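Inspection log for the structure reproduced underneath, given as structure tokens.
Quantities reported herein were computed from a predicted structural model and do not represent experimental measurements. The residues of the chain are indexed from 1 along the displayed sequence. These values consider heavy atoms only, across backbone and side chains, with no hydrogens, waters or symmetry-generated copies.
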Amino acid sequence: MKLLKRTPLISLGSSPILLKRQHWVGGISGLAVLAFLLAPWSLYDKLWAIAYGICPQRPGHSLFFGEVQMPIEAREGGMFSGFLLGLIFLVIIGRGKAIKLPPPRKLAVLVGFIALMGLDGLNALAYDLYLPTPYTPNLFMRSGTGLLTGLALAGVMVPVFNQTIWEQSKAVASFSTWREIIFAMLLVTIFWAVGLSGWKQLLYPISIVAISGLVILMLYFGVMLASILLRSERRVSNFTELAPLILIGLVAVAIFLAATSTVRYTFFGLGPMAAWR
């Protein structure tokens with residue numbers, strides 16, 4: 001694989017502000033994770049709280065495992081799960097640092113996945129407005145189109161992220177062959193079928209995948225934004241230099257989720273969550 005190397009104007013590693021704080025990153029991140037695990041709430045409440053500010057969490061739009069509602073709606077849960085599964089798949093096949101978008105035809109298919117979810121959303125909106133619709137909205141379509149959209153987001157976000165962050169990146173596409181796309185689709189299809197089973201034992205595994213995907217996708221945006229604001233685009237050469245940007249991104253994600261949750265709670269209270277406490 002060819003590597004694209006860009007000569008940085010100012011090395012991120014030489015930045016006095018970031019260099020002095022690199023050794024703090026692991027400790028601060030570890031303390032944050034420990035605080036999350038030790039907080040006096042159930043794991044279910046914690047997962048629900050993370051999604052609370054950006055997802056309506058309506059029972060009728062959510063999967064149930066046993067008699068317990070998943071803490072994120074089917075469409076959003078599918079999208080974030082699909083992103084995480086797609087990201088893992090790309091890392092496994094050695095495309096974690098790919099810098100190119102998929103070739104035009106393959107990119108068109110990925111864009112088609114996103115359009116499919118959009119059409120399903122418009123169909124649901126028309127149904128809610130009592131307008132004629134080709135089919136009744138259902139969890140089968142919500143979760144399925146969400147998963148495909150998440151997979152598409154992984155195929156696009158990975159190269160965009162790498163172009164923004166890394167000094168050196170692999171000069172290959174995230175998805176370069178039809179076989180890769182088919183295998184990735186098979187992976188999310190298996191996850192889809194498992195999620196639709198409704199087995200109560202799967203509540204936490206499926207929910208953790210979805211909520212983790214939410215946080216990681218937002219973290220991708222947070223790290224890119226931090227890189228742009230600090231004028232350190234394409235100057236990171238290793239994970240030690242990336243660590244401060246990850247910490248800044250995590251703080252940004254936490255602030256965003258806390259702000260949106262505060263706004264929702266102010267106007268709507270706990271909403272459906274009250275029924276599960």
Side-chain angles (χ1 to χ4, degrees), residues 29-85 87-88 117 120-121 124 128 137-147 149-150 153 188 191-222 249-277:
S29 300
L31 287 174
V33 172
L34 185 63
F36 176 81
L37 294 175
L38 296 180
W41 303 293
S42 69
L43 177 58
Y44 183 82
D45 282 353
K46 294 172 186 176
L47 295 175
W48 189 290
I50 292 173
Y52 176 79
I54 64 171
C55 178
Q57 299 169 313
R58 295 162 291 186
H61 291 230
S62 304
L63 296 174
F64 278 71
F65 295 87
E67 298 181 351
V68 182
Q69 178 185 342
M70 189 174 171
I72 188 169
E73 291 187 5
R75 181 175 286 116
E76 288 84 352
M79 182 173 65
F80 296 127
S81 297
F83 172 78
L84 181 57
L85 294 173
L87 178 61
I88 292 172
M117 189 183 77
D120 183 62
D128 290 340
N138 56 77
L139 298 178
F140 183 86
M141 288 295 293
R142 287 189 172 109
S143 58
T145 57
L147 278 163
T149 293
L153 288 176
V188 299
F191 185 86
W192 185 32
V194 170
L196 289 173
S197 70
W199 296 336
K200 63 180 181 180
Q201 294 85 354
L202 295 174
L203 171 66
Y204 286 107
I206 298 294
S207 298
I208 289 172
V209 170
I211 300 301
S212 297
L214 182 162
V215 173
I216 292 173
L217 178 58
M218 294 187 66
L219 180 60
Y220 261 59
F221 284 107
L250 283 172
V251 171
V253 170
I255 292 173
F256 175 80
L257 291 175
T260 54
S261 293
T262 299
V263 171
R264 181 182 174 189
Y265 181 79
T266 300
F267 288 98
F268 304 105
L270 288 176
M273 184 180 186
W276 304 102
R277 291 181 66 82

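The minimum heavy-atom distance between F64 and P59, with the atom names listed, is CE1-O, 3.4 Å. When all heavy atoms are compared, the tightest approach of M141 to D120 is CB-OD1, 3.5 Å. Listed here is the closest heavy atom pair of L139 and S62: CD1-O, 3.4 Å. Smallest separation of non-hydrogen atoms from T266 and T262: OG1-O, 2.7 Å. The two residues G195 and L63 come nearest to each other via the heavy atoms O-CD1, 4.0 Å. Heavy-atom minimum distance, I211 versus A51: CD1-CB, 3.9 Å.
Within the model, atoms CZ of F80 and CG of L153 stand 9.0 Å from one another, a figure rounded to the nearest 0.5 Å. To the nearest 0.5 Å, atoms CG (L214) and CG (L219) are separated by 11.0 Å. The CZ atom of R75 lies 6.5 Å from the CE atom of M117; values are rounded to the nearest 0.5 Å. A distance of 14.5 Å separates CZ in R142 from CG in L147, rounded to the nearest 0.5 Å.
Checking V253, L257, I72 one by one against I50, the side-chain contact (heavy atoms from CB on, under 4.5 Å) holds for a single residue, L257. For the side-chain contact (heavy atoms from CB on, under 4.5 Å) with M70, the qualifying choice from L202, L47, I206 is I206, the only one to do so.
E73 meets the side chain to side chain donor-acceptor pair (under 3.5 Å) test with R58; sequence neighbours excluded. Shown here are the ring-ring contact (aromatic ring centres under 6.0 Å, His included) partners of F140, two or more places apart in sequence or in another chain: W192. Not a single ring-ring contact (aromatic ring centres under 6.0 Å, His included) links F65 to another residue, sequence neighbours left out.
The aromatic ring centres of W48 and Y44 sit less than 6.0 Å apart.
The closest side-chain heavy-atom distance from L196 to S143 is below 4.5 Å.
F83 and Y220 have perpendicular rings, their planes meeting at more than 60° on a 0 to 90° scale where under 30° would count as parallel.
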Handout entry: Evaluation steps, side chain to side chain contact (heavy atoms under 4.5 Å, CB included), between F256 and I54
Key = CA-CA 10 Å; F256 175 80; I54 64 171; 3.8 Å; yes
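Side-chain atoms of Q69 come within 3.5 Å of backbone atoms of Q57 as a donor-acceptor pair (strictly under, hydrogens ignored). Looking at R264, its side chain does come within 3.5 Å of a backbone N or O of C55 through a donor-acceptor pair. Side-chain atoms of S197 come within 3.5 Å of backbone atoms of V194 as a donor-acceptor pair (strictly under, hydrogens ignored).
Other residues, nucleotides and ligands contribute at most 12 non-hydrogen atoms within 6.0 Å of the CZ atom of F221.
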